[in-house]
Amino acid sequence: MSHEAREEELKVLAPELIEELKEKKEPDKGLPPLEMNGPLVMRFAPNPNGPPTLGSARGIVVNSEYTRKYHGKLIIRFDDTDPATKRPMLEAYGWYLDDCRWLGAIPDEVVIASDRIPRYYEVAEQLIRKDGAYICFCEQEVFKALKDAKEPCPHREQGVEKNLECWKKMLSGDYEEQEAVLRIKTDIAHKDPAIRDWVAFRIIKTPHPRPEVGDKYCAWPLLDFEGAVEDHLLGTTLIIRGKDLADSEKRQKYVYKYMGWTYPKTMHWGRVQIHEFGKLSTSGIKKAIAEGIYTGWDDPRLPTIRAIRRRGIMPEALRKFMIDLGLGETDISLSLDTLYAENRKLVDPVANRYFFVWDPVEMIIEGAEPKIAKAPLHPSRGGMREIPVGTAVLVCRNDVDTLKEGEKLRLKDLYNIQITGISPLTAKFIGTNMDLVKKEKARIIHWAPPDGLKVKVLSPDGEYIGIGERGIERELDKVVQFERFGFVRIDSVSGDEVMAYFTHK
RNA sequence: GCUCCGAUAGUGUAGCACGGCCAAUCAUGUCAGACUCUCACUCUGACGACCUGGGUUCAAAUCCCAGUCGGAGCACCA
C-alpha cells in the first residue's frame with residue numbers, strides 16, 4: 001500500500017490519527033541512554049606521558065557527560081606505571097587536570113597509580129596464594145612459542161611456595177630486568193591467543209619521574225593488572241574504552257574471578273583519525289618539539305587540547321562536537337569542520353571585527369582628504385571603531401592581484417576609489433556614495449592604515465604576517481574576527497606587535 | 001596463523017535489541033539564491049547513503065548465513 005493510499009484509508013478509519021501520522025519522530029541526539037541499576041562510577045584513565053589530545057577530549061567529555069547526566073562519580077586516574085617505555089611527563093599531570101577543568105569535567109576524585117603500588121602488590125600476593133599467578137623466567141620468544149603451541153611453560157606449575165619466594169625476590173630487586181615476570185594463570189589453551197597467561201608485573205629499574213616515587217619500586221604492574229585492580233578498588237561501574245583495549249576485559253576477568261570481584265559494564269569506541277592532523281604519535285610530537293619543528297605542545301598545528309584552547313575554541317563547542325560523535329565502535333575519520341562550525345556559532349555573536357591586511361601592498365590615493373573612518377565593531381551589536389586615514393592605505397596582495405586599472409571599488413567603511421595604476425599601486429578618490437556597490441556592484445575590499453599594528457597570525461597551515469588596525473591590542477585573550485580572513489584569538493601584545501592564533505574561517 | 005570488532009550521503013550521526021509509520025533523521029559539507037558596507041552570521045532551496053550475494057517473511061537498513069572491505073589484539077606499551 002502506498003503512503004497516499006494508506007493516508008486515505010486512515011482518514012476513513014480513524015481521522016483523529018491523521019495528525020499523528022504526519023508527526024516526525026525526533027531522534028535522540030548524542031550519547032545513547034544508559035541502563036544502569038545502582039550508582040554510576042566512571043573513570044578517565046590517561047597515561048600522562050604527554051598533554052591531552054583531541055582523542056583524550058572524547059574520553060573526558062563522554063565520561064563527564066554521563067556522570068553529570070546520571071549523577072554519577074567521575075574519577076581521573078593516572079595510569080603512570082611505565083617509568084621507561086611510556087615514561088610520564090611531570091607537567092602532564094597538571095595539564096590533564098587543567099584541560100579537564102576547562103572542558104567542564106571536574107573530577108570527584110583524582111588518583112595516581114604510582115602512589116598505589118603496594119595495593120597492587122597485595123592483590124598479586126593473594127593471587128599467587130590462590131595459585132592464580134606464577135613467576136615466569138622464560139625468555140619472551142620462548143614463552144611466545146609455547147603459548148602459540150598452547151603449551152604451559154615449566155614455571156606454570158612450580159607451586160605456590162616457590163612462587164611466593166620468587167615474588168619476594170622480585171619485589172626486593174634480586175632479579176634484573178627481563179629476568180622474571182609475574183603471569184596471571186588464565187587458560188593456556190584458550191582459543192584466543194591474546195588471553196593466554198598474560199604478564200601482570202615486570203621488572204623496571206629506571207626510577208619513576210615523580211620524586212615521591214623515584215626508585216621505590218622495581219616491580220611494576222602492566223596496564224591490564226593495574227587497571228583491573230583499580231577499577232575494583234575505585235568501585236567503577238562503567239568503563240568506556242577504546243576498541244584496542246577490548247581484549248582487556250577478557251584478560252582482566254580472570255583476576256576478577258580469582259578474587260571474587262564483579263566486573264564493571266564496558267562500552268567501546270573505535271579509533272578516531274582527524275583529517276587535519278593525520279597520524280601523530282605523542283612520542284613523534286615530543287621529538288619534533290625537541291627538534292624545534294613545533295614551538296611547543298600548544299603549537300596551532302598540533303591536535304592537543306592546549307593548542308585548540310590557545311586558538312580560541314570554546315569548551316562548549318568541543319564538548320558538543322564530542323558528544324555528537326556518539327559511541328560507535330566504527331573507526332571514524334573526521335574533519336574538524338563540524339567543530340569549527342559549532343565554535344563559529346558561539347563566537348560570531350561576540351567577536352569584534354577588525355581589519356587585518358596580510359601580505360600588504362601600499363596604495364596611494366589621490367584626491368582624498370585625511371579623515372577618520374568609522375566602522376562597526378560588530379555588524380549587529382553596535383559600537384564603533386575609529387581608524388585615522390591619511391593619503392595611503394594597505395591592501396592585501398590577494399586583492400591587488402585581481403585588480404585592473406580603471407576598476408572602481410569600495411574600501412570598506414571608508415570611500416570609493418578608482419584604480420589608476422597597478423605597480424606602483426595608485427588610485428583616486430571618487431566619492432562616498434554606496435550606490436557604487438548597490439547599483440554598480442563594485443567590489444568591497446578591506447584595508448589597513450600604513451601605521452597600524454604589526455600582526456602575526458599563527459595558523460595550522462603557516463604564518464600570516466601583516467598590518468592590523470589599532471584597537472586590536474585591547475582584545476588580548478579574546479577571539480575577534482579579522483574581516484575577510486577569519487576568527488583569531490589575540491594571544492599576546494607587546495608594544496605595536498600583536499600575535500594571534502588562528503581559530504577558523 | 002589464531003582471535004575479536006565493525007560497515008547508513010564527502011564527513012559524522014539517527015533508525016537496528018521489539019521487521020511494516022524509512023519514499024531513511026539531524027549536523028556538517030558542496031552548489032544556488034536572499035540578506036549584508038566581510039569571503040562571517042542568518043534565512044531559503046538543491047545535492048547526496050542502507051558494503052555485496054543469498055535466505056526467512058505478505059513485508060528486511062533492521063533477523064539469519066556466506067563473502068568483501070576496514071580496524072584491533074596475540075608486548076616484560078598505554
Side-chain angles (χ1 to χ4, degrees), chain A residues 1-3 6-7 10 17 20-30 32 45-47 49 79-82 84-88 136 139-140 143-144 147-148 150 177-183 190-196 198-204 219-220 222-224 226-227 242-248 250-251 268 270-272 275 282-283 320-321 324-326 328-342 344-345 347-349 351 353 355 375-376 378-380 410-414 416 434 436-438 442 444-446 481-487 504-505:
Chain A
M1 193 186 289
S2 74
H3 250 72
R6 229 179 242 272
E7 211 167 302
L10 190 62
L17 293 181
E20 199 171 314
L21 184 73
K22 286 178 176 164
E23 268 174 35
K24 275 188 180 170
K25 279 192 239 166
E26 271 305 315
D28 282 340
K29 283 278 173 184
N47 174 12
N49 63 337
D79 283 347
D80 59 344
T81 57
D82 180 2
T85 327
K86 289 207 171 160
R87 189 171 173 79
C136 173
E139 281 184 28
Q140 280 182 60
F143 187 86
K144 179 170 168 46
K147 184 192 70 180
D148 287 346
K150 303 184 178 179
E177 291 187 10
Q178 311 290 317
E179 197 177 341
V181 293
L182 182 77
R183 284 189 190 279
H190 197 287
K191 64 171 182 168
D192 182 350
I195 309 306
R196 300 172 196 160
W198 48 277
V199 175
F201 282 86
R202 82 299 211 185
I203 294 159
I204 296 177
W220 285 92
L222 279 102
L223 178 70
D224 275 326
E226 179 265 328
K243 233 173 33 168
D244 51 326
L245 260 27
D247 285 343
S248 283
K250 284 188 264 175
R251 284 194 281 258
H268 305 101
R271 273 177 91 82
V272 180
H275 292 315
T282 301
S283 54
K320 185 166 192 308
F321 179 68
D324 283 352
L325 290 186
E329 291 197 31
T330 322
D331 299 320
I332 54 177
S333 172
L334 42 95
S335 144
L336 257 21
D337 282 348
T338 315
L339 172 65
Y340 296 156
E342 213 63 67
R344 196 176 292 117
K345 284 178 198 154
V347 140
D348 185 83
R353 270 53 173 176
F355 289 152
H378 188 278
S380 56
R410 170 86 179 176
L411 291 174
K412 188 167 187 284
D413 300 312
L414 186 58
N416 306 330
M434 277 307 287
L436 179 72
V437 171
K438 301 211 192 255
I444 300 169
I445 65 169
H446 72 292
Q481 189 199 49
F482 285 165
E483 295 194 40
R484 305 210 303 144
F485 179 76
F487 293 90
H504 45 62
K505 288 223 65 157

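In what follows, chains carry the letters A, B, and so on, assigned in the order in which the sequence lines appear, proteins first and then strands, with residues in each chain numbered from 1.
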CZ of A:Arg271: more than 12 outside heavy atoms within 6.0 angstrom?
-> no
Just call it for A:Gln481: base, sugar-phosphate, or nothing, with non-hydrogen atoms closer than 4.0 Å on any strand.
-> base
Under 4.0 Å between any heavy atoms, over every strand shown, what does A:Leu245 touch: base, sugar-phosphate, or nothing? Just pick one.
-> base
B:G70 phosphate, OP1 or OP2: any side-chain N/O from A:Arg271 under 4.0 angstrom?
-> no
For the side chain of A:Arg344, counting heavy atoms from C-beta on, which of B:C77, B:G29, B:C5 is nearest?
-> B:G29
Going by modelled atom types, is there a donor-acceptor pair between the base of B:C37 and the side chain of A:Lys412 at under 3.5 Å?
-> no
Between A:His378 (NE2) and B:U42 (C1'), how many Å, whole number?
-> 12 Å
The answer to which of A:His275 and A:Arg353 contacts RNA chain B further toward the 5' end, by nearest nucleotide, is A:His275
Calculate the interatomic distance between A:Lys147 atom NZ and B:C76 atom C1'; express it in whole Å.
-> 12 Å
Starting at the 5' end of RNA chain B, what dot-bracket string do you get if Watson-Crick and G-U pairs under 3.5 Å are bracketed, crossing pairs use [ ], other-strand pairs use | and unpaired bases use dots?
-> (((((((..(((.......[.....)))((((((.......))))))...(((((..]....))))))))))))....
Give A:Ser333 one of three labels, base, sugar-phosphate or nothing, depending on what nucleic acid heavy atoms sit under 4.0 Å from its own.
-> sugar-phosphate
Within a radius of less than 6.0 Å around CD of A:Glu179, do more than 12 heavy atoms belonging to other residues, nucleotides or ligands occur?
-> yes
Interatomic distance, A:Arg196 CZ vs B:C4 C1' [rounded to whole Å] | 14 Å
Which part of the nucleic acid, if any, lies within contact of A:Asp82, taking any heavy atom under 4.0 Å across all strands shown: a base, the sugar-phosphate backbone alone, or nothing?
-> sugar-phosphate
Among the nucleotides B:C76, B:A40, B:C2, which one has an atom lying closest to any side-chain atom of A:Pro193?
-> B:C2
Checking all strands, does A:Ala246 fall into the base, sugar-phosphate, or nothing category for heavy-atom contacts under 4.0 angstrom?
-> nothing
Output yes when A:Asp324 and A:Lys320 qualify as a salt bridge under the 4.0 Å nitrogen-oxygen rule, no when they do not.
-> yes
Atom-to-atom span, CE of A:Met434 to P of B:C35 - whole angstrom = 13 Å
Can you tell me the distance, in whole Å, between the CD1 atom of A:Ile445 and the P atom of B:U38?
-> 13 Å
Give one of base, sugar-phosphate or nothing for A:Arg410, where a contact means two heavy atoms less than 4.0 Å apart.
-> base
Residue A:Asp247, side-chain atoms from C-beta onward, closest of B:U38, B:G73, B:G6 = B:G73
So, is A:Arg251 near the phosphate of B:U3, with a side-chain N or O under 4.0 Å from OP1 or OP2?
-> no
Looking at every strand, decide which applies to A:Asp244 at a 4.0 Å heavy-atom threshold: base, sugar-phosphate, or nothing.
-> base
When the distance from NZ of A:Lys144 to P of B:C2 is rounded to whole Å, what number comes out?
-> 13 Å
Would you kindly compare A:Thr85 and A:Leu325 by the position of their nearest RNA chain B nucleotide and give the one closer to the 5′ end?
-> A:Leu325
Nearest to the side chain of A:Ile332 - B:U13, B:G71, B:A27?
-> B:U13
When the distance from CH2 of A:Trp198 to P of B:C4 is rounded to whole Å, what number comes out?
-> 20 Å
Looking for any heavy atom pair under 4.0 Å, which part of the strands does A:Asp337 touch: base, sugar-phosphate only, or nothing?
-> sugar-phosphate
Atom CZ of A:Arg183 and atom C1' of B:C76: how far apart are they, to the nearest Å?
-> 8 Å
If only side-chain N and O atoms of A:Lys191 are considered, is one of them under 4.0 Å from the OP1 or OP2 phosphate oxygen of B:C4?
-> yes
Compare side-chain N and O positions of A:Thr81 against OP1 and OP2 of B:A78 and report whether any pair is under 4.0 Å apart.
-> yes
Answer syn or anti for B:A59, where the cut-off is 90° from 0 on the glycosidic torsion.
-> anti
